Amino acid sequence: RRFRWYHVDYSLVFDGENRPVYAVVAFGDTTERHERELVQKARAERDALTGVLNRATFEDGCTRIIERSEVDHGHALIMADLDRFKTTNDRYGHVAGDRVIVESVACVVSSVRDDDLVGLVGGDEFMVCLRGISTRSLVETIAKRMCAAVSKAAGGEADYGPVSISLGIALYPQDGATYEELYRNADRA
């Protein structure tokens with residue numbers, strides 16, 4: 001019970017008085033091509049390691065959300081940075097570092113709603129855009145849940161040392177009216 005995709009072409013055949021007489025219709029199953037295009041699109045928009053949005057796609061998504069927002073409709077941008085990640089990478093190697101990033105991002109994703117955006121914006125930095133959030137206290141509650149999830153997943157002391165994240169929060173429109181302003185303010189925070 002899968003959907004199939006078809007491409008349809010048609011041409012009208014006219015008589016000598018320029019009236020349509022009949023049509024020639026050709027169609028073909030393009031499901032495989034469509035699925036390949038979806039995979040290519042996902043590869044272009046997503047980080048290969050974590051599966052979350054890449055930086056460019058995250059920025060575009062946030063910009064669209066902000067531009068389409070009504071004045072009284074708030075959002076929050078949270079910047080998350082893995083604490084002491086360089087030390088983890090240097091001491092335990094890049095495979096362990098990748099595992100820390102993957103597990104940490106998965107914890108963040110599980111801490112937010114499905115329609116919120118999560119993106120990897122740097123080596124150990126990721127961002128969350130909480131849509132339709134009106135109060136700082138609600139954002140702080142979600143931020144605490146993110147921190148607790150990352151810490152719990154590592155079990156306090158994982159094979160590669162303790163894992164924690166530091167967060168900075170910026171609210172729209174209080175802390176900025178554009179993605180760039182919110183990004184700067186979340187980074188400072």
Side-chain angles (χ1 to χ4, degrees), residues 1-80 98 101-123 125-135 138-139 142 145-146 149 169-187:
R1 292 194 170 246
R2 288 182 17 179
F3 285 103
R4 305 293 300 175
W5 291 88
Y6 293 91
H7 178 83
V8 178
D9 285 321
Y10 71 92
S11 294
L12 292 175
V13 177
F14 297 93
D15 64 11
E17 296 176 9
N18 208 26
R19 291 180 293 192
V21 179
Y22 59 91
V24 176
V25 178
F27 68 95
D29 187 335
T30 60
T31 303
E32 288 180 19
R33 184 181 79 200
H34 180 73
E35 289 173 351
R36 278 193 310 272
E37 289 170 359
L38 289 175
V39 168
Q40 289 172 343
K41 183 177 186 234
R43 284 184 183 153
E45 293 179 345
R46 303 232 168 232
D47 173 65
L49 181 64
T50 62
V52 298
L53 299 175
N54 64 28
R55 182 182 194 118
T57 306
F58 181 84
E59 288 176 8
D60 289 345
C62 285
T63 299
R64 276 195 306 275
I65 289 168
I66 292 166
E67 287 173 349
R68 295 177 182 164
S69 290
E70 297 175 15
V71 178
D72 60 343
H73 200 87
H75 308 292
L77 202 62
I78 301 175
M79 176 174 272
D98 287 351
I101 290 173
V102 168
E103 289 177 7
S104 298
V105 169
C107 290
V108 169
V109 169
S110 70
S111 299
V112 299
R113 302 165 300 183
D114 290 341
D115 64 339
D116 293 326
L117 302 181
V118 178
L120 190 66
V121 296
E125 294 179 339
F126 35 99
M127 300 281 293
V128 177
C129 179
L130 301 173
R131 303 167 72 148
I133 298 291
S134 56
T135 65
L138 182 56
V139 176
I142 293 169
R145 185 171 52 210
M146 289 166 48
I169 298 170
L171 297 178
Y172 170 85
Q174 301 92 310
D175 298 326
T178 65
Y179 172 78
E180 292 78 17
E181 291 173 338
L182 293 169
Y183 179 88
R184 252 190 328 272
N185 289 328
D187 191 27

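By convention here, the first residue in the shown sequence is residue 1. Predicted model, so just to flag it, every value in this text is computed and none were measured.
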Item to check | V112 vs R145 side-chain heavy atoms within contact, under 4.5 Å | outcome: no
Item to check | Sidechain-backbone polar pair: T50 side chain, V102 backbone, donor-acceptor under 3.5 Å | outcome: no
Next on the checklist: How close do H73 and S69 get, counting heavy atoms only, and between which atoms?
Outcome noted: O-CB, 4.2 Å
Item to check | Salt bridge present between E37 and K41 (N-O < 4.0 angstrom) | outcome: no
Item to check | Under 3.5 Å donor-acceptor, T135 side chain and L138 backbone | outcome: yes
Item to check | Which atom of I101 lies closest to which atom of G123, heavy atoms considered | outcome: CD1-O, 3.1 Å
Checklist entry - Within a radius of less than 6.0 Å around CZ of R68, do more than 12 heavy atoms belonging to other residues, nucleotides or ligands occur? => result no
Next on the checklist: Within the structure provided, determine whether H7 and D9 are in side-chain contact (heavy-atom separation under 4.5 Å).
Outcome noted: yes
Checklist entry - Counting distance only, does the side-chain N/O of D47 pair as donor-acceptor with the main-chain N or O of G119 below 3.5 Å? => result no
Checklist entry - Is the backbone of D175 close enough, under 3.5 Å, to the side chain of N185 for a donor and an acceptor to pair up by distance? => result yes
Item to check | Heavy-atom pair of closest approach, residues T31 and W5 | outcome: OG1-N, 2.7 Å
Item to check | Contact summary for L117 and C62, nearest pair of heavy atoms | outcome: CD1-N, 3.8 Å
Checklist entry - Hey, are the side chains of L182 and M127 touching, using non-hydrogen atoms and a 4.5 Å cut-off? => result no
Item to check | V128 side chain reached by I142 side chain, heavy atoms, under 4.5 Å | outcome: no
Next on the checklist: For a 4.5 angstrom cut-off between non-hydrogen side-chain atoms, does M146 reach I78?
Outcome noted: yes
Checklist entry - Is there a donor-acceptor pair closer than 3.5 Å between any side-chain N or O of R131 and the backbone N or O of D116? => result no
Checklist entry - Is there a side-chain contact between Y179 and L77, using heavy atoms and a 4.5 Å cut-off? => result yes
Checklist entry - Can you list the steps and then say if E59 with L53 is a side chain to side chain contact (heavy atoms under 4.5 Å, CB included)? => result CA-CA 9 Å; E59 288 176 8; L53 299 175; over 6 Å; no
Next on the checklist: Testing the basics here: between A170 and A186, what is the closest heavy-atom pair and its distance to 0.1 Å?
Outcome noted: CB-N, 3.7 Å
Next on the checklist: In the structure I gave you, are the side-chain heavy atoms of H75 and L171 within less than 4.5 Å of one another anywhere?
Outcome noted: no
Checklist entry - Going through the distances and angles, do N54 and R46 end up as a side chain to side chain contact (heavy atoms under 4.5 Å, CB included)? => result CA-CA 5 Å; N54 64 28; R46 303 232 168 232; over 6 Å; no
Item to check | Nearest-0.5 Å distance, CD of residue E35 to OG1 of residue T30 | outcome: 9.5 Å
Checklist entry - Is there a side-chain contact between F126 and V52 (heavy atoms, below 4.5 Å)? => result no
Item to check | Within 6.0 angstrom of Y6 OH, more than 12 heavy atoms from elsewhere | outcome: yes
Checklist entry - Can any side-chain N or O of S110 pair as donor or acceptor with the backbone N or O of C107 at less than 3.5 Å? => result yes
Next on the checklist: Testing the basics here: between I66 and Y172, what is the closest heavy-atom pair and its distance to 0.1 Å?
Outcome noted: CG2-CE1, 3.5 Å
Checklist entry - Is a donor on one side and an acceptor on the other found under 3.5 Å between the side chain of E125 and the backbone of V121? => result no
Item to check | Distance (rounded to the nearest 0.5 Å) between E180 CD and T178 OG1 | outcome: 4.5 Å
